[in-house]
There are 2 protein chains.
Amino acid sequence: MIKRRKTSVVKVDSVRIGSPRPIVIQSMTKVATTDVARCIKQAGRLASAGAGLVRIAVATKADSRAFAKIVEKSPVPLIADIHFSAARAIEAIEAGAAKIRLNPGNIKKRADILRIIASAKACGTAVRIGVNEASIRDLKKADVPAGRRVGLMLREMTKYVRLFAKAGFSNIVLSAKSADVVRTIEINRRIAEKFSYPIHLGLTHAGLPEDAKAASAVAIGALLAEGIGDTIRVSVAGDPMQEVLIAKEILQSLGLYKLNEPELIVCPTCGRCQVDVVKLARQVKRVLKDVKKPVRVAVMGCIVNGPGEAVDADVAVCAAKGKGVIYRHGRKRTTVPENKLIKALVNELEKC
Amino acid sequence: MIKRRKTSVVKVDSVRIGSPRPIVIQSMTKVATTDVARCIKQAGRLASAGAGLVRIAVATKADSRAFAKIVEKSPVPLIADIHFSAARAIEAIEAGAAKIRLNPGNIKKRADILRIIASAKACGTAVRIGVNEASIRDLKKADVPAGRRVGLMLREMTKYVRLFAKAGFSNIVLSAKSADVVRTIEINRRIAEKFSYPIHLGLTHAGLPEDAKAASAVAIGALLAEGIGDTIRVSVAGDPMQEVLIAKEILQSLGLYKLNEPELIVCPTCGRCQVDVVKLARQVKRVLKDVKKPVRVAVMGCIVNGPGEAVDADVAVCAAKGKGVIYRHGRKRTTVPENKLIKALVNELEKC
């Protein structure tokens, strides 16, 4: 139901970024790039969890050599994360990076950029132009007011995009990241308005897992809800698997990712509630772990929304004192005593 | 920086709902309404945590009697949650509810609604017109396509609003809730376009705490980012304190809520990282627990964004192998060995 913004489609090895192609989840390896075996293993885990692309930092000459080995064995197309060094960019491209990420704040020389573009063109490599608010020279002053920051980021992006266009290179994805949610939303709206390249969304340095989820969901979710965003990366300090799982949650909430597993909705309960809905929901959740179907299951504790909500769920349990009613596709199927609810639910799930 | 939609301002006892007044956090008590002492205690806890209004289900005659007693001792203005019964609505208003919530799907008779309006007018009580997708009769059929559901919800809302307008009652807040994030966003955009009354945002039945956060942040956050929403309630199956904490996180991420406590941003780390940033961040987080200032603290693990990010933070630590640099308001203050980082950070925090 979300109408995505029209974009060009960028080829990243076997993956495509841009509407109407599915939104691609990305993450990054967090072990030393020179540790080839662990990098390959981590990239594999991220890919199995749902990452369509995995990014790896390539900062030193030794990283470049390691990256070349990782590319050979990676089960998923890789992106080289480049800062400061044109040499690293070209080494990564020649090593077989599916895409490289350049930060305009860190590679500024026109001649360097043109050399990178020539190399990417020759090898069919995609490029992300990844503006970071924190890397823009003019923004490294504490006294730049918040209101001007978005304008300066857009100016930086525009200069870079023009240079790529002039060099006849269009296989690009754009991103502009900030640690501030409001500025992240605003700069991406402006980029979406001005350019038709696909957009990579992310909130920089969101924080520890427990702190990062809400802010990332707001920033990335708000933009996706406006149709903006073709690939996303959730930043979390810690295990990158968390990044993929949160990214999936955000996309799934907007119907942009179909998990082959159940979705559980639960009524929040209130003073009307006469049963322990949370306990029942936990029991249902345990049962659902073994179900590999994209079904929506509702656990409700009262008559206000129960029967109505049941319509929107594939299977619903409306619990009352000592008993419960089971619905399938909005139709009442059976009323059973409390201790038989789970069995009856499983029975209906099997028919879905 | 978010430009809020212009609305009327609704008086709810000492609280005001509507722009430019601060967005009000709501939650609900989840103990039996007849348990007066526990209700008062829970309402008090929710208020201390940041809820500006607390809602209580009033479903039975006994609930009405209990509600009257709770109102007398509540430290926070109370909203009575009404479904089905006009008698309960009037009893709650007469008992001193600051606001009542009516569900048009459940009180349909024109004469009943007019009686409630007359009573609310006489007592200066505010009313929320709270449409629930699951309570609309026409939507209780499984075969209503998703695309039509938003239109039917808006029609239900419009009918009700017109009736209130005709009766000369304008102290109303509007809400339309669904368990579906995309429909929640869409119906609220439509309501915001059509009416100028304040809007209450929420996602119905989001789920267990670990499942509810991302979806609620996406739905509520996306609307807030578009300037829509004057009061919010996060639904979580479980302790309502969770609802208030998540609501605060969502608002804070958009700069719509000023906590008098630190915000911690942490770099997600990558293959460039040579220090245990997560461990350092956890240490910093422990120290910050005792700090009661609205400061932004950044913990960074590399040179790419560290110094730039430091500009946007009140205090920042950029950790490198065996040592770290401390910044305050973007200015490098000191370089200290790893084991003195926390002490140096605390020292700078004191000067903020």
Side-chain angles (χ1 to χ4, degrees), chain A residues 1-2 28-33 56-57 59 63 81 83 132 134-135 140-142 146 179 181-182 185 204-205 207-208 211 213-215 217-218 221-222 225 235-238 246 249-250 253-255 264-272 277-278 281 285 298 304-305 308-309 311-312 329-330, chain B residues 1-2 28-33 56-57 59 63 81 83 132 134-135 140-142 146 179 181-182 185 204-205 207-208 211 213-215 217-218 221-222 225 235-238 246 249-250 253-255 264-272 277-278 281 285 298 304-305 308-309 311-312 329-330:
Chain A
M1 237 173 100
I2 287 178
M28 263 187 106
T29 54
K30 299 191 179 180
V31 290
T33 303
I56 297 185
D63 286 349
D81 195 58
H83 294 273
N132 264 20
S135 306
K140 286 186 188 171
K141 297 168 196 153
V181 171
V182 176
I185 294 171
T204 312
H205 316 316
L208 293 164
D211 302 326
K213 202 185 219 182
V218 170
S235 290
V236 168
I246 297 174
E249 271 192 86
I250 294 171
S253 77
L254 288 162
L264 175 62
I265 62 174
V266 185
C267 106
T269 84
C270 68
R272 279 186 298 267
V277 169
V278 173
K285 195 168 179 171
V304 171
N305 297 305
E309 205 63 65
V311 166
D312 210 30
H329 298 138
Chain B
M1 237 174 99
I2 287 178
M28 263 187 107
T29 54
K30 298 191 179 180
V31 291
T33 303
I56 297 184
D63 287 349
D81 195 57
H83 294 270
N132 265 19
S135 305
K140 285 185 188 170
K141 297 167 195 154
V181 171
V182 176
I185 294 172
T204 313
H205 317 316
L208 293 165
D211 302 326
K213 201 185 217 182
V218 170
S235 290
V236 168
I246 298 174
E249 270 193 86
I250 294 171
S253 77
L254 288 163
L264 175 61
I265 61 172
V266 186
C267 106
T269 83
C270 68
R272 278 186 299 267
V277 169
V278 173
K285 195 168 180 172
V304 171
N305 296 307
E309 206 62 67
V311 166
D312 210 30
H329 298 137

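Order of the sequence lines fixes the chain letters, A, B, ..., with proteins taken first and strands second; residue numbering starts at 1 for each chain. Please read all numbers here as calculations on a predicted model, not as lab measurements.
The two residues B:Ala57 and A:Gly271 have their closest heavy-atom pair at CB-N, 3.9 Å. The shortest non-hydrogen separation linking A:Ile185 to B:Ala225 is CD1-CB, 3.7 Å. The two residues B:Cys270 and A:Met28 make their nearest non-hydrogen contact at CB-CE, 3.6 Å. Taking both residues in full, the closest heavy atoms of B:Pro268 and A:Lys30 are given as O-NZ, 2.9 Å, listed atom of the first, atom of the second, then distance.
Among the candidates A:Gly221, A:Ala237, A:Ala222, the residue making the largest number of heavy-atom pairs closer than 4.5 Å to chain B is A:Ala237. The candidate with the highest count of non-hydrogen atom pairs below 4.5 Å against chain A, out of B:Thr269, B:Leu208, B:Ile246, B:Val236, is B:Leu208. Chain A forms more heavy-atom pairs under 4.5 Å with one residue of B:Val31, B:Val182, B:Thr29, B:Thr33 than with any other, namely B:Val182. Listed options B:Asp81, B:Val277, B:Ile56 were ranked by heavy-atom pairs under 4.5 angstrom with chain A; first place goes to B:Asp81.
Interface remark: A:Ile265 contributes backbone and side-chain atoms alike to the contact with chain B (heavy atom separation under 4.5 Å). Contact annotation for A:Asp63: neither backbone nor side-chain heavy atoms come within less than 4.5 Å of a heavy atom of chain B.
Within the 4.5 Å cutoff, the side chain of A:Glu249 has no heavy atoms near those of the B:Val218 side chain. Between A:Asp211 and B:Lys285 there is a side-chain heavy-atom pair separated by less than 4.5 Å.
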